S.K.: 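The structure follows.
Remember, predicted model here, so these are calculated numbers, not experimental data. Throughout, protein chains are lettered first and strands after them, A, B, ... in sequence-line order, and every chain is numbered starting at 1.
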Protein chains: 2
Amino acid sequence: MYRLSLYYRNLQRLKANQIATVSSAALAKAAGVKPTQLRKDLTYFGQFGTRGLGYDVEALSRKLTEALGTARLQPVILAGAGNLGAALVHYGGFAKEGFEIIAAFDADPRRAAELRVPLLRMNALHAFVADRGVKMAILAVPATAAQAVVNELVAAGIMGILNFSPTLLQVPDGVVVNNVDLALELENLSYFIR
Amino acid sequence: MYRLSLYYRNLQRLKANQIATVSSAALAKAAGVKPTQLRKDLTYFGQFGTRGLGYDVEALSRKLTEALGTARLQPVILAGAGNLGAALVHYGGFAKEGFEIIAAFDADPRRAAELRVPLLRMNALHAFVADRGVKMAILAVPATAAQAVVNELVAAGIMGILNFSPTLLQVPDGVVVNNVDLALELENLSYFIR
DNA sequence: AATTGTGAATTGATTCACAGCT
DNA sequence: AGCTGTGAATCAATTCACAATT
């Protein structure tokens with residue numbers, strides 16, 4: 001659930017500010033949703049609040065960590081070390097939320113210098129993934145190569161793919177794909193203007 | 001509507017392959033939706049198909065161009081020329097869908113060399129936007145600066161913002177924000193694995 | 001025979017309204 | 001008095017089922 005992560009993020013801020021307790025109204029406002037929705041979302045996992053008071057920031061935060069399975073730093077690999085891929089390696093936002101890109105893979109390992117993670121050949125993929133227990137990959141290769149690379153990722157044991165190429169990927173059951181289609185987002189935006 | 005752009009994209013491919021006519025079943029499959037949904041989506045604008053035959057690729061494509069207001073090359077500016085911003089300037093996917101990043105703005109104009117568009121100071125924003133009739137901006141600044149920059153963008157006349165910073169932006173009515181929260185996407189993905 | 005267009009049915013998500021705790 | 005938890009109501013999106021058209 002998308003929104004849980006959002007709540008979690010805002011709880012971290014409250015915690016950092018030493019705030020011990022928060023109402024559904026306040027937290028919902030920070031996350032940009034309605035209070036009832038937040039409460040519904042939370043009760044899907046159990047009851048965490050105290051009536052008349054609100055939610056204990058620390059306790060709720062712990063529960064969400066658990067629910068989200070964000071307990072530990074998740075290792076992620078990058079497939080495709082082009083412009084976008086390289087930028088994603090440097091992007092600070094992932095680390096902040098508990099993800100670390102631990103290696104990049106590319107058919108052509110030239111830009112190694114600019115990256116700050118090991119850049120490996122695709123043929124090292126299988127061993128690396130098995131060895132490090134990696135479950136997730138970020139896919140930032142050209143659309144033409146996307147499906148072929150996905151097949152390799154899946155064969156290597158990757159279970160979740162964050163896909164930046166504007167293609168409909170074919171994956172077996174059990175493998176999850178999350179698409180981020182940048183051009184589509186812009187197009188959508190332009191549609192809603194005027 | 002998100003899916004319209006998707007249909008449009010696939011129609012372009014068909015057109016490139018000289019295919020004159022397509023059924024809702026075929027186009028829906030390519031776009032990853034159900035045929036009925038595609039038909040519902042299309043009839044929201046009018047009736048374009050011929051029963052027993054399908055849709056004329058050329059005609060439908062034209063209708064969608066019109067409906068999407070994608071008539072042609074929309075100029076976009078970039079606010080924030082850090083890693084992510086720079087990568088977005090180089091990202092080929094935008095141009096392919098009819099968007100061109102025509103300038104970047106940053107408080108600190110140092111990385112100009114790496115960019116292939118003019119890198120301007122924020123104080124040049126207002127004049128530039130007015131002059132070139134820019135309606136859309138991509139926001140790729142640190143979260144802490146996001147709201148301040150948005151305020152400037154809005155003041156300059158920007159009506160649509162593609163926001164890459166993990167923040168809930170405050171904008172006046174009529175201004176549209178589309179959020180792309182990369183860390184959230186990864187987190188969401190990790191939630192759906194196992 | 002094939003395939004669209006669409007009202008009706010279904011499913012899903014959000015919001016309301018208020019009872020129940022503290 | 002304040003605020004959560006939740007069944008019921010509402011609203012939105014998707015899918016079904018089939019008549020209409022070429």
S.K.: At less than 4.0 Å, is any side-chain N or O atom of A:Arg3 found next to OP1 or OP2 of C:dT14? Yes or no.
M.R.: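 For C:dT14, OP1 or OP2 has a side-chain N or O of A:Arg3 closer than 4.0 Å.
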S.K.: Using atom CG of B:Asp41 as one end and atom C1' of C:dT6 as the other, report the distance to the nearest whole Å.
M.R.: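 From B:Asp41 CG to C:dT6 C1': 14 Å.
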S.K.: Quick one: closest heavy-atom pair of B:Gly93 and A:Ala183, and the distance?
M.R.: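 Smallest heavy-atom distance, with atoms named: O-CB, 3.6 Å.
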S.K.: Hey, does A:Thr36 reach any base, or is it just sugar-phosphate, or nothing, if we go heavy atoms under 4.0 Å?
M.R.: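 Contact class for A:Thr36: base.
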S.K.: Is the backbone of B:Tyr55 close enough, under 3.5 Å, to the side chain of B:Thr21 for a donor and an acceptor to pair up by distance?
M.R.: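 It does hold such a pair.
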S.K.: Checking side-chain polar atoms at under 3.5 Å, does A:Gln147 have a donor or acceptor matched by the opposite partner on A:Asn151?
M.R.: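 A pair is found: one side chain offers a donor N or O, the other an acceptor, under 3.5 Å apart.
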S.K.: Round to a whole Å and report the spacing from CZ of B:Phe45 to P of C:dT6.
M.R.: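 In whole Å, C:dT6 P lies 14 Å from B:Phe45 CZ.
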S.K.: Would A:Asp181 and B:Arg9 pass as an ion pair if we require N to O under 4.0 Å?
M.R.: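 Answer for the salt bridge query: yes.
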S.K.: Can you check the A:Arg39 CZ to C:dA19 P distance for me, whole Å?
M.R.: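 Atom CZ in A:Arg39 sits about 15 Å away from atom P in C:dA19.
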S.K.: Does C:dT3 have OP1 or OP2 sitting under 4.0 Å from an N or O in the side chain of B:Ser24?
M.R.: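 It does not, given that no N or O in the side chain of B:Ser24 lies less than 4.0 Å from OP1 or OP2 of C:dT3.
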S.K.: Charged N to carboxylate O below 4.0 Å: is that the case for A:Arg62 and A:Glu58?
M.R.: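 Looking at A:Arg62 and A:Glu58, the cut-off is met.
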S.K.: With side chain to side chain donor-acceptor pair (under 3.5 Å) as the criterion, how do A:Tyr2 and B:Glu185 come out once you've worked through the C-alpha distance, each side chain's angles and the decisive distance to 0.1 Å?
M.R.: CA-CA 8 Å; A:Tyr2 257 108; B:Glu185 297 291 341; 2.6 Å; yes
S.K.: With distance as the sole criterion, is a donor-acceptor pair present between the side chains of B:Ser61 and B:Gln12 under 3.5 Å?
M.R.: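 There is such a pair (donor and acceptor under 3.5 Å, judged by atom type) between the side chains of B:Ser61 and B:Gln12.
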S.K.: Please enumerate all protein N or O atoms sitting under 3.5 Å from an N or O of nucleotides 8-12 of chain C, with distances to 0.1 Å.
M.R.:
from: C:dA8; atom 1: N6; to: B:Lys40; atom 2: NZ; distance (Å): 3.4

S.K.: Could you tell me how far apart A:Met1 (CE) and C:dT14 (C1') are, to the nearest whole angstrom?
M.R.: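 Interatomic distance, CE of A:Met1 to C1' of C:dT14: 11 Å.
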S.K.: Regarding B:Tyr7 and B:Asp41, do their side chains bring together a donor and an acceptor under 3.5 Å, going by distance alone?
M.R.: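 Yes - a donor-acceptor pair under 3.5 Å links their side chains.
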S.K.: Specify the separation, in whole Å, of atom OH of A:Tyr44 and atom P of C:dT14.
M.R.: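 Rounded to the whole Å, the gap is 13 Å.
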S.K.: Kindly say if B:Gln47 contacts the phosphate of C:dT6, meaning a side-chain N or O under 4.0 Å from OP1 or OP2.
M.R.: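 Indeed, a polar side-chain atom of B:Gln47 lies that close.
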S.K.: Look at atom NZ of A:Lys15 and say whether more than 12 heavy atoms of other residues, nucleotides or ligands are closer to it than 6.0 Å.
M.R.: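 Enclosed: over 12 neighbouring heavy atoms sit under 6.0 Å from NZ of A:Lys15.
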S.K.: On DNA chain D, reading 5' to 3', which nucleotide is the first and which the last to sit with an atom under 4.0 Å from a heavy atom of chain A, could you check?
M.R.: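 Span of nucleotides near chain A: D:dG2 to D:dA8.
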S.K.: For B:Leu60 and C:dT3, give me the distance from atom CG to atom P, rounded to whole Å.
M.R.: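 Whole-Å distance recorded here is 16 Å.
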S.K.: Could you check how far CG of B:Leu42 sits from P of C:dG5, rounded to whole Å?
M.R.: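 Value for this atom pair: 8 Å.
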S.K.: Measure the distance from CZ on A:Arg51 to P on C:dC21 and round it to the nearest whole Å.
M.R.: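 These atoms are roughly 6 Å apart.
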